[in-house]
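Count residues from 1 along the sequence.
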Amino acid sequence: MNLRGGIVNITETQIYGQALSIIDWINSTLDESNKWRQGGWLYVVKPDGDVFFHQRVGTIPEEKDGKYRLLSVEKALRLLAFPEHRSSWQSRNPELN
């Protein structure tokens, strides 16, 4: 699936299914010190920056839900701004944490 190449004909159910598969794969590859990572928000944005789809995935502590949601939007928009990046980590600002 290549969302950067233009409009993709994929349903929200298919996106959610892919997200769950990715979360399962990530959890299976984490070492024990990172097993606490059980969820977050998935945002898919259109080339113009409008949100196409968003969904909570997994379990998020209630006190962190708002923070995780905002970070997810910000990361999606950063990836849109830097199409050569494969991860939002590549354009992070360490000074802002």
Side-chain angles (χ1 to χ4, degrees):
M1 173 177 27
N2 181 356
L3 295 176
R4 294 179 192 272
I7 296 175
V8 175
N9 293 319
I10 186 170
T11 67
E12 290 182 5
T13 301
Q14 290 170 313
I15 292 171
Y16 186 72
Q18 288 294 317
L20 292 177
S21 295
I22 291 166
I23 294 291
D24 286 344
W25 176 79
I26 290 169
N27 281 334
S28 72
T29 61
L30 292 175
D31 62 32
E32 287 302 314
S33 66
N34 286 309
K35 288 288 185 182
W36 58 272
R37 296 177 187 257
Q38 295 294 314
W41 281 91
L42 169 67
Y43 271 80
V44 178
V45 295
K46 298 176 187 177
D48 64 5
D50 286 345
V51 174
F52 166 72
F53 174 82
H54 70 278
Q55 177 68 46
R56 184 188 343 241
V57 178
T59 304
I60 305 169
E62 186 176 332
E63 67 277 7
K64 294 187 177 184
D65 185 65
K67 174 184 175 182
Y68 287 6
R69 189 172 185 167
L70 289 174
L71 284 173
S72 182
V73 172
E74 189 263 333
K75 289 176 179 184
L77 293 174
R78 265 194 288 130
L79 282 169
L80 184 63
F82 297 96
E84 70 279 7
H85 290 180
R86 304 290 295 160
S87 166
S88 62
W89 182 85
Q90 292 173 278
S91 60
R92 75 196 188 291
N93 184 343
E95 293 177 11
L96 296 178
N97 194 11

Decide yes or no for R92 and R78: does some side-chain heavy atom of the first lie under 4.5 Å from some side-chain heavy atom of the second? yes
Excluding sequence neighbours, so at least two apart, what forms side chain to side chain donor-acceptor pair (under 3.5 Å) with S88? none
Suppose we screen for side chain to side chain donor-acceptor pair (under 3.5 Å). Which residues come up paired with Q90, at least two apart in sequence or across chains? none
Contacts table for residues 40-47: side-chain donor-acceptor under 3.5 angstrom, sequence neighbours left out:
{"unit_1": "W41", "atom_1": "NE1", "unit_2": "D65", "atom_2": "OD1", "d": "3.0"}
{"unit_1": "Y43", "atom_1": "OH", "unit_2": "R69", "atom_2": "NE", "d": "2.8"}

Spell out, as yes or no, whether a donor-acceptor pair under 3.5 Å connects the side chain of S72 to the backbone of Y68. no
Distance col, row E84:CD vs S91:OG, nearest 0.5 angstrom, shows 9.0 Å
Indicate if L77 and L70 have the same hydrophobic cluster label, given that clusters are the connected sets of ILVMFWY residues with side-chain heavy-atom separations under 4.5 angstrom. no
